[in-house]
Amino acid sequence: MTNLISGIKCRDELKKNLSKRIKKIKEKLTLTVISVGDDEASKIYIKNKIKECQSVNIECNHLHFENITTNKLVKIIKKLNKDSSVTSILVQLPLPKNIDENIIINTIDYKKDVDGLTDINIAKLYSNKKGIIPCTAKGIIDLLEFSKINIEEKNVTIIGRSNLVGKPLAVSLLNKNATVTLCHSKTKNLKIHTKSADIIIVAVGKPGLINQKMVSKDTIIIDVGINRINGKICGDADKSVYKKCKAVTPVPGGVGPMTVYEVLSNTLECYKLQKDKK
Ligand code: NAD
């Protein structure tokens, strides 16, 4: 029977340790979340992040704007950068189309960039230097390591090349000595790449994209996709793969809880980066 890799179990274990490390710090760690507009999924994600932060004694401040310009938001972020009581900053994506996402993200001081999406943190990841690693990529690495799944020397096929998930994940895995194949919407014959993989990581947002014909029996599947069908949440892997492959992360309860956990973990990393520079 296929092994289910529980992100909830992993998150709970890692959180115990993180909580102990945070308790030892005299200063209060704080996360400021910025959101704009009325994206329904974002509201749920933010609620979750705030609840999880509070569980490890990280204070959360949520700044929500119905409407705002890029310039005004830049000013607000610059103020937060200077505020020593702010440990980390998270801009909830997607932003409305009138706002320049690239300018906003890169206004965040890289030492407060909890999502690891500023150009500076991405460059650090590329050169394998200490910085903040994007939460989903870091969450997947932590989940594999916690589950004692060896990354080194493995053939890993990632499907999805977004700046948020696929690309930073590919680099993170390369930094851990995996052999990485990065597939996307223009990849011909996806099956060739999935069949030969030891680990498949699918981050597309298309339910049923991976089916049992595309996987081998010893494959491990990390399902990042979040899709809603008739009010139910499912991933990108068809349930038929559960019977065939070696192990799989369920949706919900797999990568999602790990991504949120890394917001907490990265807040501590931000604190440490800021301390290092003083
Ligand atoms: P995105 O839309 O930015 O990127 C999707 C990627 O899939 C693109 O690179 C595209 O080339 C590729 N793609 C599209 N159709 C394809 C096909 N038929 N075959 C192969 N590749 C194809 O999305 P994203 O932000 O990277 O998110 C991907 C999915 O992961 C979404 O469902 C999202 O909700 C989910 N997600 C989950 C978490 C989590 O914590 N579990 C975090 C972030 C994103």
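Bear in mind the structure is a predicted one, so any value in this text is a computation, not a measurement.
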Closest approach of G116 and N121, non-hydrogen atoms and distance? O-CB, 3.9 Å
Hydrogens and angles aside, do D83 and S85 bring a side-chain donor and acceptor to less than 3.5 Å of each other? yes
Will you find, in the side chains of T259 and T136, an N or O donor that is under 3.5 Å from an N or O acceptor? yes
Is a side-chain donor or acceptor of T249 paired with a backbone partner of G254 at a separation under 3.5 angstrom? no
Linking I/L/V/M/F/W/Y whenever their side-chain heavy atoms sit closer than 4.5 Å, directly or via other members, would I133 and L174 fall into one cluster? no
Side-chain heavy-atom pair S35, S42 within 4.5 angstrom cut-off: no
If you measure only the distance, is there a donor-acceptor pair under 3.5 Å linking the side chains of H193 and T181? no
Validation row: V91, I108 side chains within 4.5 angstrom (heavy atoms): yes
Residue pair V74 / T70, side-chain heavy-atom distance below 4.5 Å: yes
Please check if I58 and I132 belong to a single hydrophobic cluster, counting links between Ile, Leu, Val, Met, Phe, Trp and Tyr side chain heavy atoms closer than 4.5 Å. no
Run the numbers on N61 and V33 for side chain to side chain contact (heavy atoms under 4.5 Å, CB included), then give the verdict. CA-CA 6 Å; N61 300 305; V33 178; over 6 Å; no
More than 12 foreign heavy atoms under 6.0 Å from NZ of K195: is that the case here? yes
Determine, using the 4.5 Å side-chain heavy-atom cutoff (strictly less than), whether Y110 and I105 are members of one ILVMFWY cluster. no
Hey, are N57 and K28 close enough side-chain-wise for a donor-acceptor pair under 3.5 Å? yes
Please walk me through it: do K217 and C245 pass side chain to side chain contact (heavy atoms under 4.5 Å, CB included)? CA-CA 4 Å; K217 70 173 176 32; C245 66; over 6 Å; no
Hey, could you give me the NZ/NE2 distance between K167 and H184, rounded to the nearest 0.5 Å? 10.0 Å
Counting heavy atoms not belonging to N67, are there more than 12 under 6.0 Å from its CG? no
Side-chain donor-acceptor pair under 3.5 Å between K49 and Q92, yes or no? yes
If only atom types and distance count, is the side chain of K154 paired as donor or acceptor with the main-chain N or O of N150 below 3.5 Å? yes
Would you check, one step at a time, whether the test side chain to side chain contact (heavy atoms under 4.5 Å, CB included) holds for N3 with K246? CA-CA 6 Å; N3 223 338; K246 189 174 173 188; over 6 Å; no
Less than 4.5 Å apart, any side-chain heavy atom of N48 and any of P257? no
4.5 Å side-chain heavy-atom contact, T179 and V156: no
Set out, in order, the CA-CA distance, both residues' side-chain angles and the distance that settles side-chain hydrogen bond (donor to acceptor under 3.5 Å, both in side chains) for S172 and K138, then state yes or no. CA-CA 8 Å; S172 302; K138 191 164 167 236; over 6 Å; no
T107 side chain reached by T118 side chain, heavy atoms, under 4.5 Å: no
Could you state the interatomic distance from SG (C53) to NZ (K51), rounded to the nearest 0.5 Å? 12.0 Å
Given 3.5 Å as the limit, does a donor-acceptor pair link the side chain of S216 with the main chain of T219, or not? no
Rounded to the nearest 0.5 Å, what separation is found between the CD1 atom of I200 and the OG1 atom of T194? 5.0 Å
Of all heavy-atom pairs between P134 and I122, which one has the smallest distance, and what is that distance? CG-CD1, 4.3 Å
Atom NZ of K244: over 12 foreign heavy atoms under 6.0 Å: yes
Can you confirm whether the side chains of D238 and S240 place a donor and an acceptor under 3.5 Å from each other? yes
Step by step, would you call L125 with N175 a side chain to side chain contact (heavy atoms under 4.5 Å, CB included)? CA-CA 9 Å; L125 178 63; N175 289 344; 3.9 Å; yes
I need the D142 CG to Y261 OH distance, nearest 0.5 Å. 6.0 Å
From K16 NZ over to L14 CG, what is the distance, rounded to the nearest 0.5 angstrom? 10.0 Å
Could you tell me whether the side chain of S162 and the main chain of V165 form a donor-acceptor pair under 3.5 Å? yes
Please check this pair: side chain of T267 against backbone of L31, looking for a donor-acceptor N/O pair closer than 3.5 Å. no
Shared hydrophobic cluster for L95 and I46 (ILVMFWY, side-chain gaps under 4.5 Å): yes
Distance from T157 atom OG1 to M214 atom CE, nearest 0.5 Å? 10.0 Å
Could you check whether D276 pairs with K130 (Lys NZ or Arg NE/NH1/NH2 to Asp/Glu carboxylate O, under 4.0 Å)? yes
Salt bridge R11-E262, side-chain N to carboxylate O under 4.0 Å: no
Closest non-hydrogen contact found for I77 with I104 is CD1-CG2, 3.6 Å
Regarding K15 and S55, do their side chains bring together a donor and an acceptor under 3.5 Å, going by distance alone? yes
Are side-chain heavy atoms of I220 and V248 found at a separation under 4.5 Å? no
Looking only at atom types and distance, does a side-chain atom of K112 sit under 3.5 Å from a main-chain N or O of N81, one as donor and one as acceptor? yes
Say whether, by atom type as modelled, one donor and one acceptor occur between the side chain of D236 and the main chain of V224 under 3.5 angstrom. no
Provide the closest heavy-atom pair for C234 versus I229 in the form atom of the first, atom of the second, distance. SG-CD1, 3.8 Å
In terms of hydrophobic clusters joined by side-chain contacts under 4.5 Å, are I34 and L29 together? yes
Any donor-acceptor N/O pair, N106 side chain to N102 backbone, under 3.5 Å: yes
Give a yes or no on this: more than 12 heavy atoms of other residues, nucleotides or ligands lie within 6.0 Å of atom NZ of K43. yes
Minimum-distance pair of heavy atoms, taken over all atoms of M258 and G139: CE-O, 3.6 Å
Give the other cluster members for I226, using side-chain heavy-atom distances under 4.5 Å between Ile, Leu, Val, Met, Phe, Trp and Tyr residues; answer none if it is isolated. Y45, I233, V251
Heavy atoms, side chains only, cut-off 4.5 Å: are I149 and L143 in contact? no
Step by step, work out the salt bridge (Lys or Arg N to Asp or Glu O under 4.0 Å) result for K275 and E27. CA-CA 11 Å; K275 279 275 151 190; E27 295 100 318; 2.8 Å; yes
Between L182 and A170, what is the shortest heavy-atom contact and its length? CD2-CB, 4.1 Å
Does any N or O in the side chain of N266 come within less than 3.5 Å of the main-chain N or O of E269, such that one atom is a donor and the other an acceptor? no
Quick one: does E13's side chain have a donor or acceptor within less than 3.5 Å of a partner on K9's backbone? no
